[in-house]
2 protein chains.
Amino acid sequence: MAKLTIKDVARHAGVQPSTVSRAINNHPDINADTKARILQSIRDLGYIPDRAAKNFRTRKMRSISLLLPMTGSDFYNRLINSIDETLEDYDYDAGIFPLLSERRLSRYQDPSALPYHTDGLVFASLNPSHLYESLFTIQGLPAVVLDIITPDFDNVTVNNELGGHLAGKHLQERPAQTFVINVEERFHTPFASGVFAERLKGFRAAQQEAGLDFPDSQVFTSEFTLDSARDAARKVLDLREGNINVFTTCDFFAYGLLEEVKLAGLTLGEEVRVVGFDDEKQAQSLGLTTLRQPVEEMGRMVTRLLMDRIQDPELPIRSVQFKPELQVRRTT
Amino acid sequence: MAKLTIKDVARHAGVQPSTVSRAINNHPDINADTKARILQSIRDLGYIPDRAAKNFRTRKMRSISLLLPMTGSDFYNRLINSIDETLEDYDYDAGIFPLLSERRLSRYQDPSALPYHTDGLVFASLNPSHLYESLFTIQGLPAVVLDIITPDFDNVTVNNELGGHLAGKHLQERPAQTFVINVEERFHTPFASGVFAERLKGFRAAQQEAGLDFPDSQVFTSEFTLDSARDAARKVLDLREGNINVFTTCDFFAYGLLEEVKLAGLTLGEEVRVVGFDDEKQAQSLGLTTLRQPVEEMGRMVTRLLMDRIQDPELPIRSVQFKPELQVRRTT
DNA sequence: CTGAAAGCGCTAACAC
DNA sequence: GTGTTAGCGCTTTCAG
C-alpha cells in the first residue's frame, strides 16, 4: 500500500486537495457538511497528514526544544510537566535535550543538530552565551532563558539573593554558630548558572546586616552526590561547639546533612537547625525548612514568553522575576 | 536578509543547485576542486541547509526517538549516552521522551505527535503493545524494545531470571534467614516491564533448587522513594532473628536498607548480607554486591538493531539477550 | 465556500 | 563530473 496523501482523501471525498487542507486545519471558510464528509473520508482511509511536508511548507515545526543540564531532579521534572501543560494550549510539543555528555555538547554546536530543528528554545539553568562557541549556532531562533538574567534573551528567574537573605534572617532568630553548604561552582563552564552564588550572597548580606561575622571558613562545598553531601555535613558537625545553624544552598545537600545529624544522635530543629533551598518533594516528607520556588508558574511564564516571541520576534526583551517563599518546617 | 537557499550558493560558486547538493552530501561523483569551492561559498555566505526541506524530500529524519518511563537514573543516563555515541557513527541524533505524566502518555497516542516524527523508535522498559491503545499510533515505524521480550519487535534484554538465580546461589553460600525487597508491580500499566518479577522468579528458583523454604511473607515491596525503601528495610529488620540475607531487586532499594542497617548498628556483610541489582554508580562506592548489566553494550546493540531495521524493514525480528554478572563487594 | 495552480528547498534520475 | 528537470505533500494565494 502506497502512502496516503491529501490527494487520496480529496478523491475519496469528491473535493479538491485545498479543501481537504482547510478541513484538517480548521480553516473558517468551509462548509460544515463538506468538512464532516472529509473528516469521515480521513477516518475511512486511515490517512495521517505528513508532518514533514507540513513543516516544510509552513516553515513551522509546532515544537520547541528544552535544553537543560540534566534530568530526573524534582525541579526539572516539575518544570517539564509545567511547560508541557502550557504548550498544550498552543498545540505544541516539547523535545527534551539534557546535556548529559561532552559529546552532546559538541554535537549541538552544529546549527543543523536536532534541537534547533524547532520553532524555539528554552534554556534551563544554561547560558546560551557560554554554551556556544558562537551564537550563530542558534541562528536567531526565538529563545528564553530560565534561571539566568541575560540582556540578550527573554529570561525568567527567581530572586535567589532574596532567598538567601530570607534563609539568613530566619536562622538568625535563634543565634548560633552558622555554616553554609554550597555547590562548588566551576565558572566559565556552560553549567555555571550562578544561582548558588546568588543564594550565598543573599545569605552573607543578611549576616552582615545583623552585624554577624561570617568567615569563609564556615562555608563548605559539595558535589551532587549523597556521599559528597555527607562529607560536607561531617565537616560542619566536626566544627560544632554548641547549637548550630546551617544553610544548604539546595535541598539535596540538606538530605546528606539530615542523615549525618541523625547518625550523630543530634536533635534537628534544636541542636542543629537547617534551611534548604528548592522545596523538593522530599523536603516536605523530611520536614525540611526551605525556600520554595514557584516552578510551575515559572514553567508557564517561560512558555508564554517563548510563544509570544515565536509569534513576534521583534518584541522587546522581557525579564521576569519570581520571589521565593520560606516554608517553615521541623528543621528550624 | 532573505533566507539563503542552495540556489544562492550555486550562483555564488558558479554551479548548479544539484552540484551543491552533491557537495553537501558527500556524493562520490564530484570533482574535489568544485567541492572545495562550493564549501567555501557556503562558509562565505553562512548558508545552513534547510533541514525541513531535506527531511521532506528524502523522507528521512536522520533522528530516532527514545521513549522511556523516566530519566535521571544512572541506568538511563548510561543508556542515553551509549545510544548517542553509537548514533554518531550513523550521523543520527536522538530525541528523548520520558513519559513523565499522564498528559504525555495520552498526547503520544496521536500518530502525528513529535516522537513519531522520526525514523525509528527505541522503547526502554516500555511495552509498545501495552503503551498504545492501538499500534496504529506508530504506523509501522521501525522499533526496538529494551528490557522486554516481545514477538512483535526486535528486542534486547538482560537475563533477569539468571540474575535473580545468581543472587540466590550467592546468598546461599552463607545460610541464613532470607528476605527480598521488590518493587510493587502494577501490571497492565505501560510501565510493567516485568523485569522485577523475573528477578524474583530466578531467586525463587534458586531457593527451590537448594530445597529451601521461601514463603511470600518474606517478600516486601517498596516504591521508588528512599522513604519507602527504608520502610521496607525496617520491616525486614524487625523480623530478623539472627543473621539475614537480603536480595533487593534493584540497587535503589538496597540504599535504603544500608542506611537502616547502619542505624541499627548491625554489621554489613555479616549480620546482614545484601545483594542488589543494576550495579549503579553508587553501588560501587557503597560496596554493594550486585548484578551488573552491560548497559553500554545494550545501548549499542539496541541502536544497531534499530539502524539495521531502518535500512531494511523486512528483516526478521531479532532478540538479543545479555547475561548479568555478579559483582561481589563488601555487603556479602 | 470551493477549485485551480503555484511553489516552499531540496534531491535524484537522467542526459550530456 | 555537471547540468537539466521533475516532483516530494502540503498550503496558500487568487479566481470564481
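Residue numbers start from 1 in every chain, and the chains themselves are labelled A, B, ... in the order their sequence lines are given, proteins ahead of strands. Hydrogens, waters and symmetry mates are skipped; everything else that's a heavy atom, side chains included, is used. Since this is a predicted model, take the numbers as computed values, not measurements.
A salt bridge links A:Asp84 to B:Arg104: at least one charged side-chain nitrogen sits closer than 4.0 Å to a carboxylate oxygen.
Between the B:Asp147 side chain and the B:Thr157 main chain, no donor and acceptor come within less than 3.5 Å of each other.
Within the 4.0 angstrom heavy-atom criterion, only backbone atoms of the sugar-phosphate kind lie near A:Val15; the bases stay farther away. Among the atoms of the strands shown, only primed sugar atoms or phosphate atoms (P, OP1, OP2) are found under 4.0 Å from some heavy atom of A:Asn25.
Side-chain polar atoms of B:Arg37 and B:Gln40 form no donor-acceptor pair below 3.5 angstrom. Side chains of A:Ser319 and A:Asn155: a donor on one and an acceptor on the other come within 3.5 Å. Under the 3.5 Å distance criterion, with hydrogens and angles disregarded, a donor-acceptor pair is assigned to the side chains of B:Tyr76 and B:Ser125.
B:Tyr47 has a side-chain polar atom (N or O) that falls below the 4.0 Å cut-off from OP1 or OP2 of C:dC10. Between C:dC1 and A:Thr34, no contact under 4.0 Å exists linking OP1 or OP2 to a side-chain N or O. For C:dT11, one of the phosphate oxygens OP1 or OP2 lies less than 4.0 angstrom from a side-chain nitrogen or oxygen of B:Lys54.
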Please produce a list of atom pairs where a protein N or O lies less than 3.5 Å from an N or O of nucleotides 4-8 of chain D.
from	atom 1	to	atom 2	distance (Å)
D:dT4	OP2	B:Gln16	OE1	3.3
D:dT4	OP2	B:Gln16	NE2	3.0
D:dT4	O4	B:Ser18	OG	3.1
D:dG7	N2	B:Arg57	NH1	2.4

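One can place CD1 of B:Ile6 at 8 Å from C1' of C:dT11, the figure rounded to the nearest angstrom. When the P atom of C:dC10 is taken as reference, atom NE2 of A:His117 falls 12 Å away, rounded to whole Å. Regarding B:Leu4, its CG atom lies at a distance of 11 Å from the P atom of C:dG9, rounded to whole Å.
In this structure, the ring-ring contact (aromatic ring centres under 6.0 Å, His included) partners of A:Phe224, at least two apart in sequence or on a different chain, are A:Phe253.
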